[in-house]
Each structure stands twice: as structure tokens, then as C-alpha cells.
2 protein chains.
Amino acid sequence: MTDAAPTLEDVARVAGVSRATVSRVINGIRNVDTEIQKIVRAAIEQTGYAPNRAARSLVTRRTGAIALVVSGAGSPADQVFGDPFFGRVVSGVVDFLRGHRMHPLLMLADTEDARADVIAHLRQGGADGALLVSTHADDDLPARCVRARLPAVLFARPASSLPISYVDLDHRAGARLAARRLLEQGRKNLGTVSGPLGVPASRDRLAGFRDVAGARVPNEEGNFTHESGEAAMARLLAAHSDLDGVFVANDLMAAGALGVLHRAGARVPEDVALVGFDDSSPARSCRPALTTVRQPVEQMGAEMARLLLARIEDPARAPTPVIFEPALVVRGSA
Amino acid sequence: MTDAAPTLEDVARVAGVSRATVSRVINGIRNVDTEIQKIVRAAIEQTGYAPNRAARSLVTRRTGAIALVVSGAGSPADQVFGDPFFGRVVSGVVDFLRGHRMHPLLMLADTEDARADVIAHLRQGGADGALLVSTHADDDLPARCVRARLPAVLFARPASSLPISYVDLDHRAGARLAARRLLEQGRKNLGTVSGPLGVPASRDRLAGFRDVAGARVPNEEGNFTHESGEAAMARLLAAHSDLDGVFVANDLMAAGALGVLHRAGARVPEDVALVGFDDSSPARSCRPALTTVRQPVEQMGAEMARLLLARIEDPARAPTPVIFEPALVVRGSA
DNA sequence: GTCCCCAGGGAGAGCGCTCTCCCGTACCAT
DNA sequence: ATGGTACGGGAGAGCGCTCTCCCTGGGGAC
């Protein structure tokens, strides 16, 4: 037994056929005699043959990998991967891809260098396409993908219109659900903590909440982290001590808000009702558990992967947005 | 402008040199005249050339990707990627790899098919090596990697001895820190919630705790999820109502335990002191925040990547275990 | 019997790169 | 002048696969 890995040639020799025939058997194309198929499979078994992926890619121009890119300026790795929201996206993507024998390549695009690296990687055929999850509105990676004609699908509508597929949630409708819940619970003095207002989703959630709760409802801006939720809630409370209902634009911030309310001596939901957004794991583990607006993130991740694969299959495919519907999940906090 | 991507040949023609010279400029090897370098770079710029990764891989036998595998029987995607612990590992790995122009390929190995796929992928040269994070003790993937001579590094010591590098924590020492903290706080009636006892780390933590707290300290077994922490704490409380100090083997379960104690009317830390393990994000966002044993997971992830790259560089390299030291982080719960 | 067709299989041309040879030239010491 | 020795650069052989083209032979239609 030599050290070099067996090649098609070796298998062909053992089976007494040509390289082409072995290739046909492996890829299951054209009509190959059943008897010969058996012989070839036995030869593959015997030699321990494994097709060389690089060689195959070279001719098929497919790698079987797609880039899963977390994009946006300055998002440190620990913050991104620590976010349960991102975990859910990954989960949906992986679940879908595995059924198609493809795998995601994790890339962080938090600096200009890193973004250039992502584009280069795709142009070099390091992946067949990209799934982009932007953390900031001014991210230019989607536009660069479009310009370079690289197959890509976004999570969330791009800030400026772009011929590219994306999945998104009807954030505005979701926020309206939250507002209605608070009003139904008899809350009169409402407030809200929004996400960063540069992000369309944040603006939509704020707008939706105000659609129902009134345009002058006070808001404090956070950035979707636990800490920013605490800070924003503290500011809100300082300015409006009579608050009895708050909508916080994601669960992580809502968990932070919960702590601030508790320390301020306000009981939830008795004194202040709280509604979050996302229905991510912190919502379930909080005390009280959060009433929240569910976003089917896993499904959205899977759909994103589906759209990308379709686009890779047919490059002429027209860009499609897919919008998901939110749902209210009632738990203890409101 | 044609549709086909420019190749080395094209660049060479434009620059008026040979393919080999362009290759040298790109890879920065051997001495190429500065003037010619400039010309070549200009030609690259002009043609918009991007080297084809598959072609390069075919001859270098390197892909620039490594597999990041979450292994073990039946770990649904959402459970794995939702776990903040795994997010920290990923974060450390990504952070280290990016400095080396490598990227992790995310793979889930929760079924026999998926495990076979991982091995096949590696044997086909789809990745240069593997980082294995096992969720179960009886995972056979490490052994299969060793058998196939595939470069691999584990997170956590393998259940049975294997010639393979791994990173781990001194769990026993960590659990001793927890026990000492509880004793120092004057707690007399201790109990503990362990992880699944099939996992070496869980056994070590239990053993370490009992080293200090006494061999007969009651334990209830969980499986590291929030829910299992609730259930285990409830059992513990039912059997030992006089408990005043509890060590829970990870923060996620500790957060669950906290909720159970709260509902049982026990104040933390006044009535019952609680110490967690990991120092993951839930520890900070709990109310009260958890006193816990810190595991430098990001560093461990980075070290794992470092070991793997070293092994890939030098296949003859001897397997090395790297053990990290835990540290007590004091917060509100004990 | 002749013709045609088609299934089954081989030959061989690439895919785009790296890297080993090899050759020419300039520069040093002898 | 002569040998030695770098260094700069070209030629060309693969890396291992897919896929088109072509050849062969057997069977059906006429």
C-alpha cells in the first residue's frame, strides 16, 4: 500500500475498464451495464477510492460550498456568534444545505480587508454563492456581489434597492402585534426601545409600534445587545416614570430591560408589561418568560439557502424577496 | 469583454511574460525583477484576474478550509447552534483562522450518514483538517479520523485514549473552586447538578466538587440544557429541602435552576447560593448574575485551530493535549 | 440481406494552476 | 580570459477529474 491516494486511473485499472466508465458509475450517468457497475463498485471498495474534490471542481466549476457571511462594519466575532439570533439562522441554513450535500463556509466581514477577502474568495470559486447576514445598514457587500455577478441572497431587505434575492419578516406587522397586546392588557403609558435606526428592520418595528400605539410614543435607541437594552430602558424609565407598557425591539435587549425594571422596583407584568421580539432562547429563560413576537428565523435561513441554490442552478433566475409573517407568543411578561 | 474568467495565461499574455512568472508574482516566491512585478500587477489589475482555487488546490493539495464539526449522536441543529457555548468556540476559531487566510466549513455530524459524509469530505480533500467538538462521549469520529490519518483536533479529552491533539479545561480544579466558594460563604448543605455523566468533563466536575464538598454530596444529573437544569434542580430541592448552596455544572442549567429556586420561594443568594460553570452569556444576564467558573472557551477554540494548522503544516507532529486553567468569577449568586 | 439506430464503452482533450527543470545573463573571484 | 554562481525567467509536465467525441456490436425495421 503506497501513500498516495488512489485515483480514478487506479480504480479503472483494477476494474479493467476505462477512467470514463468509473466516472460514469460514480456520477450515475448514462447507461452502464449492471454487471460492470458491480465490478467498478467492488474496485472502488477495494482501492478505498475517494474522488478528488479539487479536480472535480476544476472541471465542473462547482465546489459544493457556499459562503455564510456575517457582514457589516465592526462586529467582533464574539458578539456575532454569541447572539442566539445568528445561531438560529445558521441552524436553518445548515439543516437545509445538508440535504443537498453542500456545506456553509463561515466568514466574518467586519473590516474592509475581510470584505475584500469574501469577494475574492467567491471570485476564485472558493464557494458557489453567498448568504449574507448584514448587521449594519450601510454594508456594501450586497452591492459588490451584484456588481461581480456573484450569486447571493440576503437576510433582510437591503437598505437601498438592489437586484438581489432576500428573505425578511414583516417587521411592521410584528410590532403592531406587540402594540395591540399591550393595549389589550389595558396599558395606557407606552414606551419602546428600538434597535439601531440605521437598520430598516429597526425603523419598521418602531413605525409599526407607533402605527397602533400613537406616533408620539417615546423611544430610546439600542443596538440589539443585552447591555444596550439595559441602558435604553434606564433612560426611558428616567424620562417617563409612569410607564406601564414597553415594547423592546428584540429579546436580548428585553432581557436587559427586565433586569433594569426589576432593580427599579417595578414588577413585570403587574406594574410594567413588556413585549420582546424574535422569540429567541433568552425569551424562554427569562423570569418572567417574555411575551414576544416570533420570527421564524430557522425557516428564514432555510429559505435563504433554497433561494441561493436555485440561483446557482439557474443564474438567469430573477431576484425574489420572500417575506415571512410574525406571530405573537404570549408568555408571562405581558 | 468575454464571459469567461481571465486565467493566468491571459494575464501572462497581457504582461508579455510567461505563466510561471505571473504565478511567481502572485505567490511572492523567488526573485522576480521589481519592474516586471509592476507590469504583472498592472496586467492583473487590468484583466481583473482572480486565481482559480480549484486549480490551485489540485496541485498544492491544500484547500484553505478546515472542517468545524459538531459531532455526536442526535444533536439537532437548533440545539447546537443555539448554545452560547458553541458560539464562543466558533468565535475563537474564526478569529484565529482569519489571520491565516483559512475558513471553517461548518458540519453537523449527528447521524451515521452525516459522520460518513464528514470523513468522505476530508478524504476527498474538501478540507485540510477537522476541528471536532463532540457532544457525546461515545462519538467515534475522532477514532475514524485517526484511522484515516486525517489531521484533527478535539475540543475536550476523548473518552478513550487516542493519539490525537485536544484542548481541554481542568474541570476538576474548576469545580473545586466552586465548592470552596460555597464553603467560604458559610454554606453547610451543599448539592450539585451535574452534566451527563457519560461525558468525562461532567464526571470531572462532579469529582472536583466532591473533592472539596464531600463525597456524599447529593447530585442530580442534567444534560446541559436550560430545561434539564430546571428539572434537576426541582428533583434536588424535593429530596433536600434544606439546601443552602448548589453547584450547577453549566450556566445554562444554572439559569434554569435559578428560576426553579425563585418559584420555590428561595432567595438567591440569601437562602441558597448558586455557582455555575462556563461564564457564558446567560451568566451575565441572569438575575442575580451568576457567580461561575470561567472557561476561556474562545482561547480554547483558537488554540484548537492553532494545533490543527501546526499539524497540517507538519503531519509528523506528535499529538499534544493543551489544558487550560479555570477561574472563579464572582457575581451576585454566591 | 441491408440499413439504421442506439446502448455501452474507450480515447483523449482539456479545466487552470504550480513547480521542477533548464537556459541565459551578469557579476564576482581567480 | 575563465570558471563559478547566483539570479531572473521560460517551457512544459503534470495534478485528477469530466465530458465530448467516436467506435463497436447487436437488434429491429424494411
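By convention in this document, chain letters (A, B, ...) are assigned in the order of the sequence lines, proteins followed by strands, and residues within each chain are numbered from 1. This is a predicted model, so every value here is computed, not measured.
At whole-Å resolution of the value, CZ in Arg56(A) and C1' in dG14(C) are 17 Å apart. Nucleotide dA7(C) holds its P atom 14 Å from the CG atom of Asp33(A), rounded to whole Å. Put simply, CZ on Arg19(B) is 11 Å from P on dA13(D), counting in whole angstrom units. Nucleotide dG10(C) holds its C1' atom 11 Å from the CD1 atom of Ile36(A), rounded to whole Å. For the pair Asn27(A) CG and dG16(D) P, the interatomic distance rounds to 17 Å; values are reported in whole Å. Between the CZ atom of Arg53(B) and the C1' atom of dC17(D) there is a distance of 20 Å, given to the nearest Å. Note: CG (Leu8(A)) to P (dC17(D)) measures 4 Å, nearest angstrom. Taking atom CG on Asn52(B) and atom C1' on dT18(C), their separation rounds to 13 Å, with Å as the unit.
A residue-by-residue look at Val59(A) and Ala55(B) shows that Ala55(B) has its nearest nucleotide of DNA chain D further toward the 5' end. Of the two residues near DNA chain D, Leu58(A) and Thr21(B), the one whose nearest nucleotide lies more 5' is Thr21(B).
Comparing dC19(C), dT18(D), dG16(C) by their closest approach to the side chain of Thr7(B) singles out dG16(C). Taking only side-chain atoms of Ser18(B), from C-beta outward, the nucleotide of dG10(D), dG12(C), dG16(C) with the closest atom is dG10(D).
The base of dG10(C) is paired with the side chain of Arg24(A) by a donor and an acceptor separated by under 3.5 Å.
Regarding contacts with the backbone of dT18(D), every side-chain N or O of Thr60(A) stays at 4.0 angstrom or more from both OP1 and OP2. In this structure, Arg61(A) reaches the dG16(C) phosphate: one of its side-chain N or O atoms is under 4.0 Å from OP1 or OP2.
At a threshold of 4.0 Å, the pair Glu35(A)-Arg41(A) does not count as salt-bridged, since none of the basic side-chain nitrogens sits closer than that to a carboxylate oxygen.
Tested against Val153(A) for a side chain to side chain contact (heavy atoms under 4.5 Å, CB included), the candidates Leu308(A), Ile164(A), Leu132(A) yield a single pass: Leu308(A).
Pairing each heavy atom of Phe96(A) with each of Ala302(A), the nearest pair is CG-O, 3.8 Å. Residues Ala116(B) and Arg144(B) approach most closely at CA-NH2, 3.8 Å, considering heavy atoms.
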Quiz item: Should Arg98(A) and Asp110(B) be marked as a salt bridge (charged side-chain N to carboxylate O under 4.0 Å, His left out) after you check the CA-CA gap, both sets of side-chain angles, and the distance that decides it?
Solution: CA-CA 11 Å; Arg98(A) 60 192 323 197; Asp110(B) 54 346; 2.7 Å; yes
